[in-house]
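Data block below; observations after.
Just so you know, ligand 1 is whichever comes first in the structure, and atom 1 is the first atom listed for that ligand.
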Amino acid sequence: MPAGGNLKAYNSLWQLRNDTWSSLEESAIQLASAEAQQRPVEKLVEKVTELLDVLGPIERFWAFPGVQTYREGQRLFAADKYDGLAALVAKANRALATESYLQGQSWDPGVEDDTYDHEVRAMAQARTDRPYFEVLVVEDMTDEQERSLRLELRRWRRPDDPFVYEIVVVPSFDDALMAARLNFRLQACVARRRFTHRSRHDSAPLAQFVYSGGSADLMERSPEDRAQVLARSLARIRPELDLYLMTEIAVEDMAGRLSHHYRRIFHVREGSLELHLSILDGVAARYRTPFFNALRSYSHRPTGVFHALPISHAKSILNSHWIRDMADFYGLEIFLAETSATSGGLDSLLEPTGPLREAQQLAAETFGSQQTYFVTNGTSTANKIVVQAVVQPGDIVLVDRNCHQSHHYGLMLAGAMVTYLDAYPLNKYSMYGAVPLLEIKRQLLALRRAGKLDRVKMLLLTNCTFDGIIYDVRRVMEECLAIKPDLVFLWDEAWFAFARFHPVYRPRTAMRAARTLAERLRLPEHRELFDRFTEEVGPVDYADDEVLLERRLLPDPARARVRVYSTQSTHKTLTSLRQGSMIHVWDQDFSQKVEDTFHEAYMTHTSTSPNYQILASLDLGRRQAALEGFELVLKQIENAMRLRDAVDNHPLLSKYMRCLTTADLIPAGYRPTGIEQPLRSGLANMMMAWETDEFVLDPSRITIYIGATGIEGDAFKRNYLMDRYGVQINKTSRNTVLFMTTIGTTRSSVAYLIEVLVAIARDLDAKAAGMSPVERATRERAVLRLTAPSAPLPDFSGFHPGFKDSSGQPTPEGDVRRAFYLAYNDSHCEYLTPDEVEQQMESGEQVVSTTYVTPYPPGYPVLVPGQVFSPQILSFMRALDTPEVHGYRPGLGYRVYTDKALEIAATARLAPADPAGPSARPSTMARIRLPSMGPPGASHPPSTQAAIC
Ligand SMILES: Cc1ncc(COP(=O)(O)O)c(C=O)c1O
C-alpha cells in the first residue's frame, strides 16, 4: 500500500482502514491548525494526500463512512477548507473507532456546507440500537440511480424492523468479490442484471488482500450464466451471505434454474418492498436462536419446582443463610434458567423434536454439515460418541498416536484394532507435527497386502493439531478412498471450529472438504480423470504398492462413499460455555448405516441431565458465527500477525525469543510451494500455499521459541507468565511456549502480552548484567541445553504379538481393549522399575505395558496397553523431568504384564471371548516388586510439551 509510515495489514483491510482514518484525523487537524497559525502546510498537505490515496480504493466497499463521506472530504481538501475537512474526518473517525455508528448513535458530520450529501446525515440519524449491517448491490449504475435505490429501500424502514441496513453499490463482478472479501459488515448481496466483469478501478493497491483466480470473460455469457457464476463465487468466499437476484427477464425460468443459488429471485418492476422484507427476513433467520429463546421465556415463567433441581429459580440459594453470595456472584438469571424440563416449550437433548432440534439444524446450516449434534461434555465425549457409533469390535482404525486421550479411551471401549500412525517429529522443538499422507497410504497398503482391507473402518486425525499444523483434508480423503472406497473419516477439529468462517481456512475443514469431494465425485470431469488414471496405473486394486505410493490417487466415483465426521470444541475457539461441543456429520450412508448406532452411542455417553446453559450458549455461539464469524476471524488473524511482528521486530525480544514459522514447523518436503511464511507475504501467497502444500500452519497459533532465555517452557509459563503477570497459556514444550489467539483476542491484549514479554526480556538482561562468572556459566549451560537437539522423540514401538491379530499376515494393529482389560486381573501384572525394564530388554525379553503411560507434558501416551517397551521410550522417559506422568507410579515403577499373562494373551487371541473374563475384577494392588530406584530420570528433559485443555 502506498500508505507510508508503518501502516501494515495482513489478511484484512479493517485495521489498515481504521488506522488510516485515525492518521487522517490527526493530519487534518494539524493541517487546519497550521493554516490558522499561518505556518507552512506543504508537508501536511502531502501527508493528507497520501492518506486519502490509501482510503480511496478501500472506502468504496463500505457504506459507512463510505464513498460519499470520502468524496466530501476530498472536495473540502481540494477547496482548501481544512477546518471543514478536520471536522468531517474527526467525526467519521470517532464513529468508526468507537463503532457508535453500529449502535445507532447518530452520526452527524456537522458540516455546514450545503453541497454535502444530506443522504449521509439521514442515514446516520435513522439508526436506532438495532443491529446494523450492509447489503451489497451489484449493478453498474449512475450516482443518481444509486441514490434513488438507496432512498427507495430506506423508505420501507419501519420502527419495529429488527435490524437496519445500508447498501454498498459496486458495478462489477470483480468488485463484488473484493467487497465480499473485505467488508465483513455485509450480510446479503443483491445481484442485478447489469454488472460488468472487470472493475474499472485500479485494484493493484488491494492485490495484497484479495485473491481472485482469473476467469473467462463473463460478458460473453448469458445473464443467467453470469448470475450463476457470481453466486457460486460469492458462496465460495462467504457462504453465509443471503443472495438475491433482481432480473427483468423470464423470472419464472430463472427461478427454476437458479433458485438453489439465490434465496429469492425478483422481477425488477415489482419494486423493492419484497426485497427489503426478504433481506430482513434472511438475517432474522440466522439471528434466530430457538433454544436460547425457549429457555429465556421458560425461565421468566413462575413455576412450582417439584422436580429434582433445588437450584432452579435460585430457590435453594435465596432461602439459604450461607450461600447467598452465590446468587450475588452469578446473578439471578442463570438460576431462573436452570431447569430440567423437556416440555413447556423446551426440548429433550436425547430425543429432540422442538427448539433444540431446530437449533441443531441451524448449526448444520452454519457449519455446512448434513447433521449437527450438540454435546455438553466437550469434544472428549463427542469423540467417543462418533467412534462408538461407527466402529464395531474388531474393526481396524488408523489413528495418529499423538491424538487426544479421548480417542485412545474411545477406541479401547469400542474394541477397535488400532493401528497407530507416526507423525513427523520436530526434535529441535520437542514436538510432533502431523501424520504424512505417505505414512497413511503405506499402512493402508500393508493392510491390503495382508488381506485385511475389508476390516479397515476409520481414519482418525487431528485437524488442526495443538501446534497449528493443518492437513490437506480433501487430498487425504481422496487418496485414502482410492485405496479403501468406504473408509470413514473422523477429523478431530477440537481447535478448528472457527476455520469455517474464513475463506482461506474453509477448504481445509472436514465439512467443506466432504462437500467438495462429494460434488467432484459427481462431475464428468472427475470420471474422465479417473479413467485416464486407471489407464495409466491399471485398476487400483491390483496396482503395485510402489506405484500407488508415488502417485496422487483418485477415488473411483462409482465406488467411493463420502463418510466424514468432525468433532469441534465450540468452547475452545468460538463462543460457548465450557464443554460446549458439536459433532458435524457428512455421511452419505448415515441414515442407512449409522443413525441408529449413533443414537445408541449418544445415549451411552450423554447425561440424562444435560446442562441447558451450555446448550443455549451453543445456540448463541452459532448465531454469532453465522453473523460475524468472518469479521471475528479476520480480526483474530490480524491480531496474531501483529503479535508475531511485535516479537520478531523488537530488538530486545528478538534477542531471547522468536516466533516459529511455517518453515520451522513444516519440513520443506511437505511444502511444494516453498513459501516459508505464507501470510506474511500476502493473502494471495497464503492462498497458494493453502491450496497446494501438504501441511500448512494456522497463523493464529503462535509458537515462540525461548531457547535463548535458558528457561524451560513449563517454568516460563508458571513462574513468569502466570505468577508474575497473570498471562494464561495452555501449551509449552522444552523450549517453546504456545500463544493462541482467538476471536476473543483484542489489540489491547496483544499489546499487554508484548509488554509482559518485554518486561521478562528486560529482567533477563538486568540479571545478566549483574551475574558472577559462575552464574553466567550456569545460564550459558541452560541455554545450551535448551537449544541443543534433544533425544529423538520415540515412534510407536508396536504391540506385543499376544495382542495382535492372529489371522492373515502380520500387520501392526493391536487389540487395546483386550490389553486393557487383561490387567484388571492383578495377578497378571507386576511393577518394574526403569532399570528392571532395561535389564529385561537387554536379556532379550519383551516388556509390555498394561496401561496408558502419559507424561503431562507432552500429553499423549508414550505407551498404550499391550505396547512393548523400546530403548527409545525408556531413554525418552528417563530424560523427562515432567512432574506428572499418568500411568507411572514413582514409588513402584511401570505396571507391566507378567510372562504368564503374556502367554494367556497369546492363547486368548485365538478365541474371540472377552479376555478379562467374568471373574476378572479391578485390583486394588497388583503384585509388586519393590523398586530399586526412583522416578524416571532426573537428567535434562528431551521433551516437555504441556497440554492442559
Ligand atoms: C485434539 C483434541 N481433541 C479433543 C480434545 C478434548 O476437547 P474438550 O476439552 O472439548 O473435551 C482436546 C482437548 O484439548 C484436544 O486437544
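Numbered from 1 in the order shown, with element, the atoms of ligand 1 that lie under 4.0 Å from a heavy atom of T462 read 1 (C). Near K572, meaning under 4.0 Å from one of its heavy atoms, ligand 1 places the atoms 7 (O), 8 (P), 9 (O), 12 (C), 13 (C), 14 (O). Taking every non-hydrogen atom of S569 and a distance limit under 4.0 Å, the qualifying atoms of ligand 1 come out as 7 (O), 8 (P), 10 (O). For ligand 1 and W495, the ligand atoms under 4.0 Å from any heavy atom of the residue are 1 (C), 14 (O), 15 (C), 16 (O). Within ligand 1, counting atoms from 1 as listed, the ones closer than 4.0 Å to a heavy atom of G378 are 10 (O), 11 (O). Shown in contact with S581 at under 4.0 Å from a heavy atom are these atoms of ligand 1, numbered in order with element: 10 (O).
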Open item on the list: Apply ring pair (Phe, Tyr, Trp, His ring centres under 6.0 Å) to residues Y752 and Y725 and explain how you reach the verdict.
Closed with: CA-CA 10 Å; Y752 178 62; Y725 300 103; 7.3 Å; no
- [ ] Evaluate the criterion side chain to side chain donor-acceptor pair (under 3.5 Å) for residue pair D698 and Y505; output intermediate values, then yes/no.
- [x] CA-CA 8 Å; D698 175 1; Y505 280 73; 2.5 Å; yes
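Heavy atoms from both the backbone and the side chain of T379 come within less than 4.0 Å of ligand 1. Contacts of S380 with ligand 1, taken as heavy-atom pairs under 4.0 Å, involve both backbone and side chain. Looking at N383 against ligand 1, only its side chain comes within 4.0 Å, counting heavy atoms.
The side-chain tip of R508 does not point at the ring of F496 from less than 6.0 angstrom away and within 45° of straight on.
Residue-to-ligand polar distances keep S406 apart from ligand 1: every N/O pair is separated by 3.5 Å or more. Taking only nitrogen or oxygen atoms, main chain and side chain alike, N377 does not reach within less than 3.5 Å of ligand 1. Considering backbone and side-chain atoms alike, H571 places an N or O below 3.5 Å from some N or O of ligand 1.
No donor-acceptor pair closer than 3.5 Å links the side chain of T745 to the backbone N or O of T741. When atom types are taken as modelled, the side chain of S581 and the backbone of T379 share a donor-acceptor pair closer than 3.5 angstrom. With hydrogens and angles disregarded, no donor-acceptor distance shorter than 3.5 Å links the side chain of T703 to the backbone of L660.
The aromatic rings of F630 and H502 sit tilted, their planes meeting at an angle between 30° and 60°.
Side-chain contact between L481 and L517 is present, with heavy atoms from C-beta onward closer than 4.5 Å.
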